[in-house]
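Scroll down for the structure; my scribbles are underneath it.
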Amino acid sequence: MADIRRRIKSVTSTEHITNAMKLVSAAKLRKAKSTFEKTRDYFHYVTESIAEIFYDANEVPERYLEGSREIINTCFIIITSERGLCGAFNSNVIKQAEIEIEDDPNRSVLIMIGTKGKEYFEKRGKYIHSEYEMPPENISFAETKIIAKTVVDMYDKGVIDKVMLISTAFVNNLEQEVKSLQLLPFKVQEKEDFSTHDAQDFDTRERQVEYEPSIDEVFNYLIPKYVEIVLYSSVIESATCEHAARRMAMESATDSARDMLSNISLYYNRARQSAITNEIIEVVSGSEAQK
């Protein structure tokens with residue numbers, strides 16, 4: 001009986017903790033979702049502006065277009081969380097990253113955002129070029145600019161030849177999916193495919209465009225801005241997905257704890273009733289024996 005009471009106390013304590021974590025995650029999810037929706041609007045504005053410029057592919061600097069250089073080193077930017085207890089959120093990203101890295105024939109350069117991915121690949125002997133271990137939700141746009149500048153500088157200098165971003169996309173509060181996005185070089189699509197292109201794919205059209213002060217100046221400014229906003233949007237979206245995944249995980253854990261508590265309580269009540277019945281039988285038997 002004492003063991004059952006200790007177990008009931010332990011499960012009750014766990015249920016209180018998971019329920020509290022669910023409420024905290026729900027509050028953080030509302031805040032992160034609001035921020036994500038605001039950045040998403042800006043993200044679409046920037047990508048549409050870049051698409052307008054990429055209409056005239058003949059003027060685009062070749063170094064930013066796919067096929068302009070031999071791919072030797074691929075940079076993977078992998079966004080995971082800083083904490084656990086969020087279901088399969090981190091494992092799904094890591095699994096996709098492993099597939100991408102193994103399928104890529106080039107040398108891999110890893111940039112990790114979040115400790116979970118960093119710890120996983122570090123244990124497996126992967127070379128990590130740089131790491132940002134703070135929670136994605138705490139990464140500011142200024143810090144994102146530093147990451148983006150590092151990546152663009154490495155690309156411009158030829159240290160890396162391809163940049164892939166692996167993170168989690170927010171579908172709704174109950175569903176998140178891993179996405180893989182090629183940031184650099186750009187994939188240029190034909191006009192008829194423009195309606196279905198991804199954020200990094202642009203079509204070509206014959207059009208007269210004037211660039212001031214020069215085409216190089218425009219792209220030297222625009223490309224880092226593009227990488228910055230895509231990266232920041234992905235960081236915010238990943239944080240939103242993390243809170244949604246943690247809320248679901250904690251809700252599931254709370255429901256499981258309550259079900260377990262109900263079963264244990266039922267078992268405890270039956271055991272207590274059985275013990276009381278045995279004591280009554282003993283009392284009655286002793287009373288009858290004295291007659």
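We count residues from 1, following the sequence as given.
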Are any of the side-chain heavy atoms of [X] and [Y] separated by less than 4.5 Å?
X	Y	answer
Arg83	Arg246	yes
Lys179	Ser167	yes
Ile72	Arg107	yes
Thr168	Ile79	no
Ile166	Ile77	no
Met154	His129	yes
Glu70	Asp161	no
Phe121	Tyr127	no

Donor-acceptor pair, [X] side chain versus [Y] backbone, under 3.5 Å?
X	Y	result
Glu119	Glu122	no
Thr14	Ser10	yes
Thr144	Tyr232	no
Gln96	Val93	no
Thr18	Glu15	yes
Ser252	Met248	no
Ser265	Leu261	yes
Asn90	Lys116	no
Thr150	Ile146	yes
Asn19	Thr254	no

How long is the gap from [atom1] on [X] to [atom2] on [Y], to the nearest 0.5 Å?
X	Y	atom1	atom2	result
Ser13	Ile8	OG	CD1	13.5 Å
Asn92	Thr80	CG	OG1	12.5 Å
Asn278	Gln273	CG	CD	11.0 Å
Met260	Thr12	CE	OG1	11.5 Å
Ser238	Ile78	OG	CD1	12.0 Å
Asn173	Arg30	CG	CZ	10.0 Å

- Task: Give the intermediate values and the outcome of side chain to side chain contact (heavy atoms under 4.5 Å, CB included) for residues Glu177 and Phe170.
- Result: CA-CA 7 Å; Glu177 58 184 22; Phe170 183 82; over 6 Å; no

- Message: Run the side chain to side chain contact (heavy atoms under 4.5 Å, CB included) test on Lys145 and Lys225 for me, step by step, so that the C-alpha distance in whole Å, both residues' side-chain angles and the decisive distance to 0.1 Å come before the verdict.
- Response: CA-CA 8 Å; Lys145 290 176 66 175; Lys225 289 298 178 185; 4.2 Å; yes

- Query: Checking side chain to side chain contact (heavy atoms under 4.5 Å, CB included) for the pair Leu110/Ile101: CA distance, chi angles, key distance, verdict?
  - Reply: CA-CA 10 Å; Leu110 303 184; Ile101 293 170; 3.7 Å; yes

Which heavy atom in [X] sits nearest to a heavy atom in [Y], and how many Å separate them?
X	Y	value
Glu82	Thr115	O-OG1, 3.0 Å
Ala245	Gln176	CB-OE1, 4.0 Å
Leu85	Ala249	O-CB, 4.1 Å
Ile160	Cys75	CD1-CB, 3.6 Å
Ala148	Leu231	N-CD2, 4.1 Å
His243	Ala32	CD2-CB, 3.8 Å

Pairing donors with acceptors under 3.5 angstrom, does anything connect the side chains of [X] and [Y]?
X	Y	result
Asp104	Thr74	yes
Ser234	Glu237	no
Glu100	Ser180	yes

- Query: Looking at Tyr120, is Arg124 sitting on its ring face, NZ or CZ under 6.0 Å from the six-membered ring centre and within 45 degrees of the normal?
  - Reply: yes

- Query: Given Glu131 and Lys118, is the salt bridge (charged side-chain N to carboxylate O under 4.0 Å, His left out) satisfied, shown in steps?
  - Reply: CA-CA 7 Å; Glu131 57 197 57; Lys118 175 245 180 184; 3.7 Å; yes

- Task: Show your reasoning for whether salt bridge (charged side-chain N to carboxylate O under 4.0 Å, His left out) applies to Lys95 and Glu98.
- Result: CA-CA 5 Å; Lys95 188 182 301 182; Glu98 278 192 313; over 6 Å; no

Can you get from [X] to [Y] by hopping between Ile, Leu, Val, Met, Phe, Trp and Tyr side chains that sit under 4.5 Å apart?
X	Y	value
Val230	Tyr155	yes
Met21	Phe89	no
Phe141	Phe36	yes
Met250	Leu23	no
Ile111	Val178	no

- Hey, which of Val152, Leu183, Leu181 is the one that makes side chain to side chain contact (heavy atoms under 4.5 Å, CB included) with Val163?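 Of the listed options, the one satisfying the test is Leu183.
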
- Could you tell me how the ring of Tyr226 sits relative to the ring of Phe186: parallel (under 30°), tilted (30 to 60°) or perpendicular (over 60°)? tilted

- Task: Verify the neighbour count for atom CZ of Arg7: are there more than 12 heavy atoms of other residues, nucleotides or ligands below 6.0 Å?
- Result: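 Open: at most 12 neighbouring heavy atoms sit under 6.0 Å from CZ of Arg7.
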
- Item | Derivation and outcome, side chain to side chain contact (heavy atoms under 4.5 Å, CB included), residues Tyr64 and Asp156 | CA-CA 9 Å; Tyr64 295 123; Asp156 288 338; 3.6 Å; yes

- Verdict with supporting geometry, Lys22 and Glu251, salt bridge (charged side-chain N to carboxylate O under 4.0 Å, His left out): CA-CA 6 Å; Lys22 181 189 75 171; Glu251 183 176 11; 5.0 Å; no

